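So the structure is just underneath, and the comments pick up after that.
Quick note: numbers below take in every heavy atom, side chains included, and nothing from hydrogens, waters or symmetry partners. Treat the numbers as computed from the prediction; the structure is a model and nothing was measured. Sequence lines set the chain letters: A, B, ... in the order given, protein chains first and strands last, and positions in each chain run from 1.
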2 protein chains.
Amino acid sequence: MTTINDIARLANVSRSTVSRHLNKNGYVSQEAQERIDKVIEETGYFPSQSAKSLRTKKTGVVGVILPKISTETASRVVDGINQVLQENDYQMLLTQTLLEKEKEIAFIRLLQSRNVDGIILLGTNTDEALVEEIKKSDVPVVVLGQDMPGTTSIHYPDYKATAEMISYMIEKGYRDISFIGVPEDDPAVGIVRKKAYIDTLKEHNLPVLTERITYGDFSINSGYHAMETIMKQSTKPDAVFVVTDNMAVGAMQYLKENHYNIPADIGMATTGVSRLSKYIEPVLTTIDFQNEEAGAAITRLLMGQLNGYKKTKKLTHTYRRLTGNSL
Amino acid sequence: MTTINDIARLANVSRSTVSRHLNKNGYVSQEAQERIDKVIEETGYFPSQSAKSLRTKKTGVVGVILPKISTETASRVVDGINQVLQENDYQMLLTQTLLEKEKEIAFIRLLQSRNVDGIILLGTNTDEALVEEIKKSDVPVVVLGQDMPGTTSIHYPDYKATAEMISYMIEKGYRDISFIGVPEDDPAVGIVRKKAYIDTLKEHNLPVLTERITYGDFSINSGYHAMETIMKQSTKPDAVFVVTDNMAVGAMQYLKENHYNIPADIGMATTGVSRLSKYIEPVLTTIDFQNEEAGAAITRLLMGQLNGYKKTKKLTHTYRRLTGNSL
DNA sequence: ATTAAAAGTGGGATCGATTCCACATTAGAC
DNA sequence: GTCTAATGTGGAATCGATCCCACTTTTAAT
């Protein structure tokens with residue numbers, strides 16, 4: 001491999017001069033620049049990032065930790081992240097936890113050992129151990145999707161969007177709305193969205209029935225089974241709200257297989273699957289959290305931190321309701 | 001930041017001993033090991049990957065170049081890649097070209113400057129310039145999706161799968177099948193699949209009409225417009241085959257908006273959208289190229305190359321036909 | 001008891017860049 | 001024509017690891 005020393009020798013200058021030219025700092029004569037450029041061109045030289053970052057403590061790489069890439073939500077967020085990183089000449093080191101919590105902590109360490117300049121975490125919990133690990137981190141960590149204590153983070157408007165959707169369902173005439181949620185480990189999705197559901201029912205003087213509240217684990221399959229549990233109850237609800245896209249797909253699969261008509265037999269609303277919801281029949285009424293923009297926004301916050309901004313920031317992202325004919 | 005020297009000093013050994021212990025080569029006494037472990041535990045030390053890879057020329061990072069992550073096909077491939085990389089303790093540096101060809105070449109260089117150990121390219125063309133760049137690469141490059149000259153690659157069974165699907169459509173009674181393809185820059189999708197379509201029509205003594213062959217650019221939108229072009233012709237076809245998932249979604253959108261009934265008015269078949277095709281109404285008949293497994297397979301080939309296997313390998317991946325009611 | 005092999009350790013060179021510093025040359029100001 | 005500032009250059013230290021080599025101590029074999 002060609003090194004800076006080879007270039008220096010071939011161009012008849014010192015390696016300091018080559019470095020100065022490459023980084024455009026300090027003085028280099030016109031002639032020297034030309035000789036260096038010529039040699040670089042001929043050899044196809046590119047500086048070793050390892051050596052560079054050993055000296056400068058910067059790698060130009062940002063680590064991204066997410067549960068699983070092959071979901072619409074995650075891949076859209078990554079699109080947004082990528083866009084901002086590219087604008088700022090950063091690269092992305094991608095890791096997947098597959099929803100194993102310990103891996104979030106392990107990856108924060110691993111990414112640091114790889115000397116990333118910063119870390120973006122798509123949050124799935126706010127456990128004490130995780131908060132601690134973030135606090136200990138040498139590099140800035142920003143979080144999307146959870147209100148992570150003491151950390152710059154953007155979370156979705158879980159409460160507002162859910163409450164509004166439930167209100168909308170009630171307006172539409174539904175009176176017995178069931179709920180497919182996730183465990184409380186995930187505060188944003190597991191606690192806040194459930195609370196919004198319960199609060200809104202109460203506000204409208206509707207009963208909150210524990211048997212109408214079921215849980216899945218984010219997977220398509222778990223949505224299927226949660227829906228099954230609900231529909232096997234002695235009395236059936238007239239609608240269902242599913243907290244995530246993947247589980248909604250599973251729930252819909254159960255309903256289709258068992259020949260329930262949506263929305264005639266049961267209304268359905270969810271969050272996510274925004275891009276594909278309109279090709280699914282019936283067209284899903286869903287909350288679009290605008291994941292690309294959220295990914296871009298959290299990345300901009302990280303860029304800010306990398307440029308020395310120290311204070312932690314808390315933002316709530318926006319959303320739009322997409323109205324289909326599933327209600 | 002804690003370095004190996006700090007650990008050495010605190011544990012009262014030399015930095016060589018710490019290194020030997022960490023890498024489990026050479027001799028280190030039991031007591032020394034314990035002292036070192038204790039200090040590492042206390043300080044939360046992790047070795048600097050930059051320094052390490054400057055010496056060893058290995059980073060444990062594999063670069064992945066793909067057109068766009070937020071498509072079902074790409075994200076499933078990445079899932080497969082990730083799985084194998086994780087098993088082998090590699091990390092993934094992800095880049096997106098957004099279908100700009102020059103970026104494929106630029107990223108091959110960039111990734112090398114970042115000292116990745118190998119590169120996985122989701123191929124979109126086999127241009128001379130790209131082939132040259134791959135040949136010049138210091139690190140192994142493997143390609144998925146194209147039969148890249150001189151390079152270890154896995155391509156999909158484009159011809160066979162397409163021909164079989166067209167045959168199946170003909171068996172089903174369709175006689176005027178239109179085609180939405182992509183430009184020939186992409187040999188696998190643009191040339192081979194079209195050839196299979198044409199050959200199969202000919203084999204069955206059906207006319208090949210140029211006006212039935214349209215092109216898109218992989219985007220949903222282009223699928224929409226291609227479908228529009230076809231349906232605005234004086235005589236309408238009785239079926240359409242769309243070469244990629246995204247474009248199929250667009251084509252379907254056009255048909256739905258204009259109240260064409262699938263399959264009564266027009267039959268439809270495609271490749272991809274395998275995971276979601278069954279939730280779309282009608283359930284799409286599609287070719288599933290089993291992208292996770294393809295991603296895993298190409299990554300295994302790369303791992304082989306990293307372990308010294310030198311010969312270039314050419315493989316064809318498998319597929320399954322998923323039968324829906326869109327035909 | 002002698003000796004060779006095994007076990008254990010530290011010093012120093014090295015990887016390829018950046019960056020500080022000393023020094024030489026040139027240009028411009030008076 | 002001096003003097004200072006700007007321009008231009010190379011040497012050497014440094015980043016944090018690996019790894020070869022030299023050396024000492026322990027163990028085991030004869």
Side-chain angles (χ1 to χ4, degrees), chain A residues 1-37 39-40 43-61 89 109-117 138-139, chain B residues 1-37 39-40 43-61 89 109-117 138-139:
Chain A
M1 226 196 54
T2 340
T3 75
I4 198 172
N5 289 303
D6 301 327
I7 302 300
R9 189 166 30 73
L10 292 170
N12 247 310
V13 291
S14 76
R15 103 183 144 276
S16 320
T17 305
V18 177
S19 175
R20 252 177 278 128
H21 175 47
L22 250 35
N23 295 290
K24 306 194 195 313
N25 53 24
Y27 299 106
V28 181
S29 67
Q30 195 60 43
E31 305 88 73
Q33 296 198 20
E34 278 159 16
R35 287 204 310 278
I36 294 170
D37 283 337
V39 173
I40 288 179
T43 54
Y45 162 81
F46 39 78
S48 152
Q49 191 65 38
S50 306
K52 197 167 185 148
S53 61
L54 175 59
R55 257 319 295 249
T56 62
K57 307 284 152 215
K58 297 257 156 283
T59 52
V61 173
D89 283 320
R109 295 210 186 128
L110 178 88
L111 288 171
Q112 283 183 73
S113 81
R114 294 206 170 277
N115 301 85
V116 298
D117 294 345
D138 292 330
V139 301
Chain B
M1 228 197 52
T2 339
T3 76
I4 197 172
N5 289 303
D6 301 328
I7 302 300
R9 189 167 28 76
L10 292 170
N12 246 310
V13 291
S14 76
R15 105 187 144 276
S16 317
T17 304
V18 178
S19 174
R20 252 176 277 129
H21 175 47
L22 250 36
N23 295 290
K24 305 192 197 316
N25 53 24
Y27 301 106
V28 181
S29 67
Q30 195 61 43
E31 306 89 72
Q33 296 199 20
E34 278 159 16
R35 286 205 310 279
I36 293 170
D37 284 337
V39 174
I40 288 179
T43 53
Y45 162 81
F46 38 78
S48 152
Q49 190 65 38
S50 306
K52 197 166 184 149
S53 60
L54 175 59
R55 257 319 297 248
T56 61
K57 308 284 151 212
K58 297 257 157 283
T59 52
V61 173
D89 283 319
R109 294 210 185 128
L110 178 88
L111 288 171
Q112 283 183 71
S113 80
R114 295 205 170 278
N115 303 327
V116 298
D117 294 344
D138 292 330
V139 302

Tell me, do [X] and [Y] make a side-chain contact under 4.5 Å, heavy atoms counted?
{"X": "A:S48", "Y": "B:N115", "answer": "yes"}
{"X": "B:V61", "Y": "A:R114", "answer": "yes"}
{"X": "A:Y45", "Y": "A:L10", "answer": "no"}
{"X": "A:H21", "Y": "A:D37", "answer": "yes"}

Out of curiosity, [X] [atom1] to [Y] [atom2], how far, rounded to the nearest 0.5 Å?
{"X": "A:T17", "Y": "A:Q33", "atom1": "OG1", "atom2": "CD", "answer": "10.5 Å"}
{"X": "A:I7", "Y": "A:T2", "atom1": "CD1", "atom2": "OG1", "answer": "6.0 Å"}
{"X": "A:L54", "Y": "B:K52", "atom1": "CG", "atom2": "NZ", "answer": "13.5 Å"}
{"X": "B:I36", "Y": "B:N12", "atom1": "CD1", "atom2": "CG", "answer": "10.5 Å"}

Close N or O pairs between protein and nucleotides 22-29 of chain D (under 3.5 Å):
none

Inset, instruction - Using distance alone, with no hydrogens and no angle criterion, decide if B:S19 and B:S16 have a side-chain donor and acceptor under 3.5 Å apart. - result: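 Note: B:S19 and B:S16 side chains miss the donor-acceptor criterion.
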Legend entry - salt bridge (charged side-chain N to carboxylate O under 4.0 Å, His left out) pairs, two or more places apart, involving residues 4-24 of chain B: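 Of all non-adjacent pairs touching residues 4-24 of chain B, those that pass salt bridge (charged side-chain N to carboxylate O under 4.0 Å, His left out) are B:D6-B:R9.
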Legend entry - Between P of D:dA17 and CZ of B:R9, the distance in whole Å: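 Between P of D:dA17 and CZ of B:R9: 13 Å.
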Inset, instruction - Mind checking salt bridge (charged side-chain N to carboxylate O under 4.0 Å, His left out) for B:R109 and listing every partner two or more places apart, or none if nothing turns up? - result: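 Scan of B:R109 (salt bridge (charged side-chain N to carboxylate O under 4.0 Å, His left out), adjacent residues dropped) gives B:E133.
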Legend entry - Partner of A:N25 by side-chain contact (heavy atoms from CB on, under 4.5 Å), out of A:V28, A:L22, A:N23: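 It is A:N23, the one option of A:V28, A:L22, A:N23 that forms the side-chain contact (heavy atoms from CB on, under 4.5 Å) with A:N25.
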Legend entry - Covered region of DNA chain C, 5' end to 3' end, by chain B [heavy atoms, under 4.0 Å]: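 With heavy atoms of chain B under 4.0 Å away, the range is C:dA6 to C:dG16.
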Legend entry - Minimum heavy-atom distance between B:D138 and B:Q112, given as atom pair plus value: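 That would be N-OE1, 3.0 Å.
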Inset, instruction - Ignoring backbone atoms, establish whether A:S29 has a side-chain N or O less than 4.0 Å from OP1 or OP2 of D:dG8. - result: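 A:S29 to D:dG8 OP1/OP2: no side-chain N or O under 4.0 Å.
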Inset, instruction - Spell out protein contact along nucleotides 10-16 of chain D as letters: B when the base is contacted, S when just the sugar-phosphate is, - when no protein heavy atom is under 4.0 Å; keep the 5' to 3' order. - result: BBBBBBB
Legend entry - Divergence of helical axes at both termini of the helix from C:dA1-D:dT30 to C:dC30-D:dG1 - five pairs an end, 10° steps: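 It comes to 30° between the two terminal axes.
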